[in-house]
Amino acid sequence: MQDVEAPVREDEPPPRRAQLGADAQQLPPFENHPAHRLVNSKWLIVNRQNFAPAIYHLLFTIYYLPMHRLPEEIVPDNDQTRARAEHLARIQELVGNAYPNKFARTALTETAEGEDTITSVVSAFRKYEPEVKEGEKPAPEQLETANAELGELRVRVSGRLATPPRVMGKAAFVHLSDGRERLQIYVRRQEAVAVSNDSLRPVEEAESGWKLFQLLDHGDFVGVEGKLFVTKTGELSVHVETIQFLSKALLPMPDKLHGISDPEIRQRQRYADLIASSLKVKTDEEPGDSQTELSTREVFERRSKLVTAMRRHLDEHGYVEVETPMLSAIASGAAARPFVTHHNALDIDLYLRIAPELYLKRLLVGGFERVYELNRNFRNEGISTRHNPEFTMLEFYTAYKDVNWMMDFCEEMLRTTVKQITNGTTVNFGGNDLEFGRNFERLSMKEAITKYWSYELRETVGISFDARRLDYPDEVRFLADWLGDWSYLDQYTILPGYDPGNDKSGVNIKLTELAAQFRERAESFNPSNEPLPDSGGDEIAKRIAYIFEMVAEDKLTQPTFITDFPKSISPLSKASPDDPTIAERFELYIMGMEVANGFSELNDPAEQLERFEEQARQREGGDEEAMQTDLDYVRALSYGMPPAAGIGIGIDRMTMLLTNRRSIRDVILFPHMRPRAAQLEDPDEQTDTP
RNA sequence: AGGCCGGUAGCCAAGCGGCUCAAGGCAUCCGCCUUUUAAGCGGGGGAACGUCGGUUCGAAUCCGACCCGGCCUACCA
């Protein structure tokens, strides 16, 4: 039987403080009232232990719960939330307003904030903690010295209770956290005084501080004032004189040892993940890897540093930061499907931008020689560990430079920023040491195929690869088709349950046949007998790109520039002077991920229009991602754009590399996820299954 | 979109066909403890086992559908 939920009035706030009897007529009908649930619950099973609490809870529920009523799906009704709500009510009786507006902290330490934080106090005074060997306690003389040096330093600090209070009869310990560091406070029953949030004076009641302390829960915010000292075990602590309540945690904190392991909760409720990462108790027993692993908090701090470092680098090299439209009538500048939205006043559909590229190059036309934009792009495509529908891209453009200059600049920029962020040029990612200090390898697509497919062939087919085959269109066609078949079959061999010895599905036999087919073809290939044909045009270029993706992409672990992209898939890029089918373009790969994409910018308006028209033809042929024609951009080019190089760098992916995270969702604070069924706004959308 | 895996109290989880199967730990509540730190000791309470349906005398456990998530593939310059 479903319990009746207490209704929530939405149009007016709940009474600030329920008076006995005064709000009686405002209370819901009894069968809807939480007290009714108590009567039917096990709270009233009477025994010595819980009889008194049961009566108390009944009274409490009737008179106090209505004033802090939150919907069940936000604050579920269970023993822990009930205890917290009850503590809140009693705190209000003791100190008045439970949500004061401010708390003044001391300024003993140098901080950007201008006042002491937990982090600043810990880093400034931790040096007084006596040095002790593992598992030993400091000697009394050491403690005396330390405490003499700390002297009479009185601090006022604030933070969240990072642990449940450890009460020992007439004294207690608890740690406060500012999200980064934690600082222990020590509260004595006879000494601590609570501060009223209404009068800001001490609460005139015996042992008021102790009473308040006993009502605190893991996760509450408090401010304390007291002297710094070092405990018997050598830990820097605050000996609390006054304690002020600052805010209540009505929901229980994540487990102090395990944190939150469910990625769904971590990503949907990032706030809870951040709390967990700051409250998690660090144990010595965990494997060495986790010692160096960044916390969630640190991941996002590092992301912020990366963005700052990149901005600084560009600012120092004469670039101007600009902001171009995110809403646009034409979604162009990249090959991707856009999001559509609607402008009511103009009554037109607009697109969320898929790239700022065409706007930034308009600015080159307008006279900016160096511009950049660091912001979000939106692509209406799949979600994966490397793709989020909105992602952050740094794009910048440099007049009078070409693709080769841009590769150099990009390499130097990454080297500089990585050094600033990690204090080194080597980044460990999943056990691989990524070297940003060395010169990045530069390979054409064909070179990359040759380099990495040779290895593949030794493993699977048993013969080496003749690079010259990539110059013959028939060979390229064969190789691309063969690879398609091979990879289609090969995916079955990685499925669980695949047993090469028991080949029921016939996958093994087919793979063996394919290998034989490949050998035969390779052996009959004799370039000396054949004239060198022309490069075969766009079709062949695209097939080479396909072969590259199949055999080389995921093997590009170290930072590697891949050059010589087919022109047909690069409609905004200048063609190579040596080969009209090849674009002067590169992509930077790290850990098999495309991290950057740059080229010599096409600035001939007539050719640009031709390229757009070719894209339009592909669009009509069913390619939804073919680029949209932007005639105003062609007009801009007609005013004349200087020769220029441009690049886009994926900030999310760079952050992944610098924080050792395999999923893009781990470096985006609030990644997009399917709304929970209960959160769907339109109930009609929850269509029933037939 | 396809394949595989998962969903058990606030958190971490054991159990994977019948009678002690709804363990255990953290948290919460009560009692004791004036320098603890994964505090300790003693005691209490808390669970429609993702949802709906089926098989069965009997389902957390087996079957089906659905919801949500993760990983892989596809898609993604």
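Each chain gets a letter, A, B and so on, in the order its sequence line appears, and its residues count up from 1.
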Item checked: Euclidean distance, atom NZ of residue A:K170 to atom P of B:rC32 [Å, nearest integer] -> 9 Å
Item checked: Flag side-chain contact, heavy atom, 4.5 Å: A:M656 against A:D666 -> no
Check: Of the options A:E235, A:R160, A:E181, which is the one that meets A:H175 in a side chain to side chain donor-acceptor pair (under 3.5 Å)?
Finding: A:E235
Checklist line | Touch class at under 4.0 angstrom, heavy-atom based, for A:E381 against every strand present | finding: sugar-phosphate
Margin query: Using a 4.0 Å heavy-atom cut-off, does A:F229 contact any base of the nucleic acid, only the sugar-phosphate backbone, or nothing at all?
Written below: base
Check: Counting only distance, no hydrogens or angles, is the base of B:rU36 paired donor-acceptor with the side chain of A:Q184 under 3.5 Å?
Finding: yes
Notebook entry, point to check: The side chain of A:T385 lies closest to which of these nucleotides: B:rU34, B:rU36, B:rC71?
Noted result: B:rC71
Check: What does A:M627 touch in the nucleic acid at a heavy-atom separation under 4.0 angstrom: a base, only the sugar-phosphate, or nothing?
Finding: base
Check: Which part of the nucleic acid does A:R189 contact within heavy-atom distance under 4.0 Å: base, sugar-phosphate only, or nothing?
Finding: nothing
Notebook entry, point to check: Contact class for A:P389 (heavy atom, under 4.0 Å): base, sugar-phosphate, or nothing?
Noted result: nothing
Notebook entry, point to check: Which of these nucleotides, B:rU35, B:rC29, B:rA77, is closest to any side-chain atom of A:T231?
Noted result: B:rU35
Check: Going by a 90° cut-off around 0, is B:rA9 syn or anti?
Finding: anti
Notebook entry, point to check: Using purine N1 to pyrimidine N3 plus N6-O4 or O6-N4 for Watson-Crick, or N1-O2 and O6-N3 for G-U wobble, both under 3.5 Å, which nucleotide pairs with B:rG64?
Noted result: B:rC52
Next item on the list: Scan A:E235 against the nucleic acid and name what it touches under 4.0 Å (heavy atoms): base, sugar-phosphate only, or nothing.
Entry: base
Check: A:Y397: what forms a ring pair (Phe, Tyr, Trp, His ring centres under 6.0 Å) with it, not counting sequence neighbours?
Finding: none
Next item on the list: Go through the structure and list residues passing side chain to side chain donor-acceptor pair (under 3.5 Å) with A:T563, not counting sequence neighbours.
Entry: none
Checklist line | Under 3.5 Å on both distances, the Watson-Crick or G-U partner of B:rA47 | finding: none
Note to self: Given B:rA77, B:rU34, B:rA74, identify the nucleotide with an atom nearest to the side chain of A:S384.
What the structure shows: B:rA74
Margin query: Mind checking if A:N597 touches a base, just sugar-phosphate, or nothing, with heavy atoms under 4.0 Å?
Written below: base
Note to self: Exactly one of A:S570, A:S576, A:S573 should register a side chain to side chain donor-acceptor pair (under 3.5 Å) with A:R585. Which one does?
What the structure shows: A:S570
Margin query: Please tell me if A:S237 has a side-chain N or O lying less than 4.0 Å from either OP1 or OP2 of B:rU35.
Written below: no
Next item on the list: Pick base, sugar-phosphate or nothing for A:T81, based on heavy-atom distances below 4.0 Å to the nucleic acid.
Entry: nothing
Check: Rounded to the Å, how far apart are A:E553 CD and B:rA74 C1'?
Finding: 14 Å
Check: Expressed as a whole number of Å, how far does the C1' atom of B:rG40 sit from that of B:rC49?
Finding: 33 Å
